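In this text, all values refer to a predicted model and were calculated from it rather than measured experimentally.
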Amino acid sequence: MAVEIITREDLMSFKHELLNDLKDLLSTTKVNQQKKWLKTREVIKILQISPGTLQNYRINGTIRYTKFGNTIYYSLQEIEQLLEKGSNANNVGI
């Protein structure tokens, strides 16, 4: 039976390799797990509008939403489409 001696330096090297691998794994996981639903404050920040403007958008149907309990959620995909449509409309006159 062969005996292998592991030194402190070996363990430290293993620790650094393991931590680097975990960091890489976690960073790629976060990129792939983009949110599908946004809360009101997130939409206000993205669109740079006031809460009243967002409420008007909900009322007139510009932005669709889902209400669960007392929290209103907006589809990230629809918000991105709204932004894209707005930027295309602004570029038409150029």
Side-chain angles (χ1 to χ4, degrees):
M1 182 188 260
V3 175
E4 190 173 332
I5 298 175
I6 299 175
T7 64
R8 224 175 244 241
E9 290 80 23
D10 293 335
L11 289 174
M12 290 301 289
S13 175
F14 174 72
K15 173 184 166 185
H16 290 294
E17 287 178 38
L18 182 61
L19 285 174
N20 287 333
D21 289 345
L22 286 172
K23 285 179 187 176
D24 291 341
L25 181 63
L26 289 174
S27 67
T28 57
T29 302
K30 285 182 181 178
V31 170
N32 293 334
Q33 290 182 342
Q34 189 175 28
K35 294 171 97 175
K36 291 184 179 183
W37 296 96
L38 302 173
K39 292 183 179 179
T40 298
R41 68 177 182 277
E42 295 168 315
V43 174
I44 288 170
K45 187 175 180 181
I46 290 170
L47 297 179
Q48 298 178 355
I49 58 175
S50 70
T53 300
L54 183 58
Q55 182 178 4
N56 286 335
Y57 287 168
R58 284 195 312 264
I59 291 169
N60 67 24
T62 303
I63 295 180
R64 294 189 307 171
Y65 64 94
T66 300
K67 189 169 183 178
F68 187 76
N70 290 330
T71 306
I72 298 174
Y73 294 96
Y74 305 86
S75 167
L76 176 62
Q77 182 180 6
E78 288 187 22
I79 299 299
E80 288 173 343
Q81 289 172 355
L82 182 67
L83 286 171
E84 186 65 31
K85 185 168 53 170
S87 67
N88 288 340
N90 290 336
N91 293 334
V92 170
I94 294 176

For Ser50, which residues count as a side chain to side chain contact (heavy atoms under 4.5 Å, CB included) partner, sequence neighbours excluded?
Thr53
Quick one: does Lys15's side chain get under 4.5 Å of Leu19's, heavy atoms only?
yes
If I compare all heavy atoms of Ile44 with all of Ile49, which pair ends up nearest, and what's the gap?
CG2-O, 2.8 Å
With a 4.5 Å cut-off on side-chain heavy-atom distances among I, L, V, M, F, W and Y, is there a chain of contacts connecting Tyr73 to Tyr57?
no
Would the distance check show the side chain of Glu42 and the main-chain N or O of Lys39 forming a donor-acceptor pair, the cut-off being under 3.5 Å?
yes
Over all atoms of both residues, closest heavy-atom pair of Arg64 and Tyr74
O-CD2, 3.7 Å
Got Asn56 and Thr62 here, is their nearest side-chain heavy-atom distance under 4.5 Å?
no
Is there a path of hydrophobic side-chain contacts, each under 4.5 Å between heavy atoms, that joins Trp37 and Ile46?
no
Answer yes or no: is there a donor N or O on one side and an acceptor on the other, between the side chain of Asp10 and the main chain of Ile6, under 3.5 Å?
no
NZ/Lys23 to CG/Asp21 distance, rounded to the nearest 0.5 angstrom?
11.0 Å
The reported gap from CG in Leu38 to CD in Glu80 (rounded to nearest 0.5 angstrom) is 8.5 Å
Show your working on side chain to side chain contact (heavy atoms under 4.5 Å, CB included) between Ile63 and Leu47 and close with a plain yes or no.
CA-CA 12 Å; Ile63 295 180; Leu47 297 179; 3.8 Å; yes
Using a 4.5 Å cut-off on heavy atoms from C-beta on, say whether the side chain of Lys67 contacts that of Ile72.
yes
